[in-house]
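Basis for what follows: all heavy atoms, side chains included, without hydrogens, waters or symmetry-related copies. Note on naming: letters A, B, ... go to the chains in the order of the sequence lines (proteins, then strands), and numbering restarts at 1 for each one.
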Number of protein chains: 2
Amino acid sequence: MKKDTTTEEKIKEAARTVFLTKGFEGCSSREIAKAAGMNVALVNYYFRSKSQLFQLIFKAAMEDFMESMIYVFSTDQPLEDKMRIFIEREYDFLAKHPELPNFIINEMNREEACSSNEHSEILEKIAETGIFNDCQKAQAEGKMRKMNLISLTLLVMSNCQYPVMAKNLMQSIHQLTKEEYDEQIVLHKGYVTEMLVQYLFPKQ
Amino acid sequence: MKKDTTTEEKIKEAARTVFLTKGFEGCSSREIAKAAGMNVALVNYYFRSKSQLFQLIFKAAMEDFMESMIYVFSTDQPLEDKMRIFIEREYDFLAKHPELPNFIINEMNREEACSSNEHSEILEKIAETGIFNDCQKAQAEGKMRKMNLISLTLLVMSNCQYPVMAKNLMQSIHQLTKEEYDEQIVLHKGYVTEMLVQYLFPKQ
DNA sequence: CATTGTTTTAAACACTTGTTTAATATTCTT
DNA sequence: AAGAATATTAAACAAGTGTTTAAAACAATG
C-alpha cells in the first residue's frame with residue numbers, strides 16, 4: 001500500500017513553501033526536513049543536495065509563474081479583451097501565490113543561481129500562443145500602440161506584480177492592515193486595467 | 001591626524017554594498033569585514049552585532065529610497081509637470097541605485113526584520129511637501145483623475161521600480177545583454193511617462 | 001523463512017556562523 | 001615620558017551549516 005503522499009513528495013512540498021517564503025539562503029536543509037516531518041538525511045537521500053532540490057523547486061515555480069499568461073493568450077478573442085482577461089486572471093493568480101514574483105526575481109539575482117540559464121523557453125512557449133504575432137498585426141493595423149514586446153510585457157508585469165511584491169512596504173508606509181491592502185489591490189486592479197487598455201488601444 | 005575615512009566608516013560603506021547586493025541572510029559578518037579590509041571583531045566592536053549594523057544600513061537605504069521623491073514634490077510647478085519630472089528623476093536615481101527597491105522590499109518581507117517598524121515617518125515627510133493636498137485639490141477641480149493616494153503611489157512606483165527590479169529576469173526571458181536592457185529602460189521611461197500622464201490628467 | 005533491495009535513522013564529518021575574550025598596539029592626555 | 005583610553009588583533013566559543021556514513025527498519029521477492 002502506497003501512502004497518498006509519498007515521502008519524496010512531502011519533502012518537495014515542504015521545500016516549496018519554505019524556499020518560496022524564505023529564499024535559498026534564508027533557510028536550512030534541516031528546516032525543510034522538519035517542515036516535512038522528516039530527517040535531514042532524507043532530503044539528501046532523495047534530492048542529493050540542497051542546491052539540486054532548490055533548482056527543482058525553482059523551475060516548477062518559474063513554470064507556475066508563466067502558466068496563467070499562456071492560458072489566456074491561447075484563447076481566441078480580440079486583443080483588447082485578452083488584455084482585460086489577462087489582468088483579471090493575473091491578479092487572481094497572484095492573490096493565491098503572492099510570494100512568487102519576489103521569489104523568482106530574487107533568486108534570479110543570486111549570482112550562483114540560475115541567472116544565465118535558459119529561461120528563454122518561456123518566451124518560446126508564449127510565442128507559440130501567437131500573442132506576439134497578434135500584437136504586431138494589431139500594431140500594423142493601427143489598432144494598437146506601436147511598442148516592442150519588451151516594453152509591452154514590462155508594462156503589464158509592472159502593474160500586476162509590483163502591487164503584490166510591495167505589499168509589506170505599502171502597508172507600512174500607508175499604515176494599512178493586510179485586509180485593507182487586499183481590498184486596495186482589488187480597487188487598483190480596476191485602475192490598472194483601464195489605464196493599460198486606454199494606453200495600448202487608443203480610440204482614434 | 002585622522003584618516004580621510006575612518007575605520008568605522010569603511011565598515012559601514014562595505015556593509016552597505018554587501019548588504020544591498022546580497023541581503024542580510026546572504027552574507028556573513030566576516031564577508032563584510034573582509035570587504036572593508038578589516039577584522040571580524042572590529043565589525044562588532046563598532047556596531048555590537050550584525051543585526052544592529054544592518055538596521056543602520058537599512059534605515060539609511062530607506063531614506064535614500066524616498067529622497068528624490070520628496071525633492072521633486074517640494075518644487076513649485078503644475079502637477080502634470082511634477083509627474084513628468086518625478087519619473088525622469090526616479091529613473092535616473094534607480095539607474096544609479098538599482099539594488100535599492102529589491103533590497104527594501106525583500107528585507108521588509110523578512111519576519112524578524114523591520115516589518116512592523118515605523119516607516120510612516122516617510123509618509124509624513126512626503127505629506128509635508130504638500131503633494132497630497134495638491135492632488136486632492138486637482139482632483140476636486142477635475143484636473144486630475146480621482147483616485148486614493150495608495151493607488152496613486154502604487155501606479156508610479158510600479159512603473160518606475162519594477163523595470164529595474166526585474167532586470168535579470170527580463171534579460172533572461174528576452175535574451176538581452178545588460179547594455180541592451182539599459183537602452184530598453186530609457187525607451188520604456190518614455191512610454192511610462194506618457195501613459196501615466198495621460199491617465200492621471202485626462203484632457204477634456 | 002532467508003535474502004534481496006529500498007527507506008529511514010542517528011551520529012558524525014568538516015566547515016561556517018555570530019559573538020566574545022584577552023592580549024597587544026596605537027593614540028591621547030597630562 | 002608615563003599612564004589612561006581607545007583601537008586592533010588572533011584565538012576561542014558554542015551553535016548551526018551542508019553532506020556523508022554506517023547501521024537499523026522495512027518491504028519485496030525467491
Side-chain angles (χ1 to χ4, degrees), chain A residues 1-61 103 106-107 110-115, chain B residues 1-59 61 103 106-107 109-115:
Chain A
M1 184 203 81
K2 261 201 175 178
K3 312 160 205 168
D4 47 353
T5 52
T6 160
T7 300
E8 188 173 351
E9 280 167 357
K10 275 185 193 165
I11 295 178
K12 217 187 320 192
E13 280 176 31
R16 201 198 119 94
T17 67
V18 174
F19 274 143
L20 258 77
T21 51
K22 305 203 170 186
F24 180 79
E25 325 238 38
C27 69
S28 67
S29 302
R30 283 169 178 82
E31 187 178 352
I32 294 174
K34 189 176 283 182
M38 302 289 165
N39 196 304
V40 205
L42 275 179
V43 175
N44 282 356
Y45 173 73
Y46 282 105
F47 303 96
R48 302 212 66 80
S49 77
K50 187 191 177 188
S51 305
Q52 286 203 30
L53 174 54
F54 177 81
Q55 285 180 24
L56 211 75
I57 302 296
F58 183 84
K59 195 163 189 174
F103 173 73
N106 279 326
E107 304 301 337
R110 286 218 346 271
E111 51 201 30
E112 323 108 34
C114 341
S115 11
Chain B
M1 184 205 77
K2 263 201 176 178
K3 311 159 204 166
D4 46 354
T5 52
T6 161
T7 299
E8 188 173 353
E9 280 167 358
K10 273 185 195 166
I11 295 178
K12 218 187 320 193
E13 281 176 31
R16 201 197 119 95
T17 66
V18 175
F19 274 143
L20 259 79
T21 50
K22 305 205 171 186
F24 180 78
E25 325 239 38
C27 69
S28 68
S29 303
R30 283 169 176 82
E31 188 178 351
I32 294 174
K34 189 177 283 182
M38 302 291 165
N39 195 306
V40 205
L42 275 179
V43 175
N44 284 354
Y45 174 75
Y46 281 106
F47 303 96
R48 302 213 65 79
S49 77
K50 188 191 177 189
S51 304
Q52 286 202 30
L53 174 54
F54 177 81
Q55 285 180 24
L56 210 76
I57 302 296
F58 183 84
K59 195 162 188 173
F103 174 73
N106 280 325
E107 304 301 337
N109 289 343
R110 285 219 346 271
E111 51 200 30
E112 323 106 36
C114 341
S115 11

Nearest heavy-atom contact between A:Lys12 and A:Leu56 is CD-CD2, 3.8 Å
What residues 14-21 of chain A contributes to the DNA chain C interface at heavy-atom separation below 4.0 Å is none
Residues of residues 38-53 of chain A with a heavy atom under 4.0 Å from any atom of DNA chain C, listed by number, are A:Asn39, A:Ala41, A:Leu42, A:Tyr45, A:Tyr46
The reported gap from CD1 in B:Ile11 to CG in B:Asn39 (rounded to nearest 0.5 angstrom) is 9.0 Å
Less than 3.5 Å apart, which donor and acceptor atoms pair up between the side chains of residues 45-53 of chain A and the rest of the protein, not counting sequence neighbours?
from: A:Ser49; atom 1: OG; to: A:Ser51; atom 2: N; distance (Å): 3.4
from: A:Ser49; atom 1: OG; to: A:Gln52; atom 2: N; distance (Å): 3.1
from: A:Lys50; atom 1: NZ; to: A:Phe24; atom 2: O; distance (Å): 2.9
from: A:Lys50; atom 1: NZ; to: A:Cys27; atom 2: O; distance (Å): 2.8

*Determine, for A:Glu107 against A:Arg110, whether the closest basic-nitrogen to carboxylate-oxygen distance falls under 4.0 angstrom.*
yes
Item to complete: Kindly indicate whether the side chain of B:Asn109, heavy atoms from C-beta on, has any atom under 4.5 Å from the side chain of A:Thr21.
Response: no
Q. Is the distance between the ring centroids of B:Phe103 and B:Phe19 less than 6.0 Å?
A. no
Symbol by symbol from the 5' end, with Watson-Crick or G-U pairs under 3.5 Å, [ ] crossing and | another strand, DNA chain C is |||.|||||||||||||||||||||||.||
If you look only at distance, which donor and acceptor atoms sit under 3.5 Å apart when one is on a side chain in residues 28-38 of chain A and the other is two or more places apart or in another chain?
from: A:Ser28; atom 1: OG; to: A:Glu31; atom 2: N; distance (Å): 3.1
from: A:Glu31; atom 1: OE2; to: A:Lys22; atom 2: NZ; distance (Å): 2.8

Kindly determine whether B:Thr6 and B:Glu9 satisfy side chain to side chain contact (heavy atoms under 4.5 Å, CB included), including the steps that lead there.
-> CA-CA 5 Å; B:Thr6 161; B:Glu9 280 167 358; 3.4 Å; yes
Subject >> Short side-chain N/O contact from B:Thr7 to OP1 or OP2 of D:dA7, under 4.0 Å >> reply: no
Within residues 27-37 of chain B, those residues having any heavy atom closer than 4.0 Å to DNA chain C are B:Cys27, B:Ser28, B:Ser29, B:Arg30
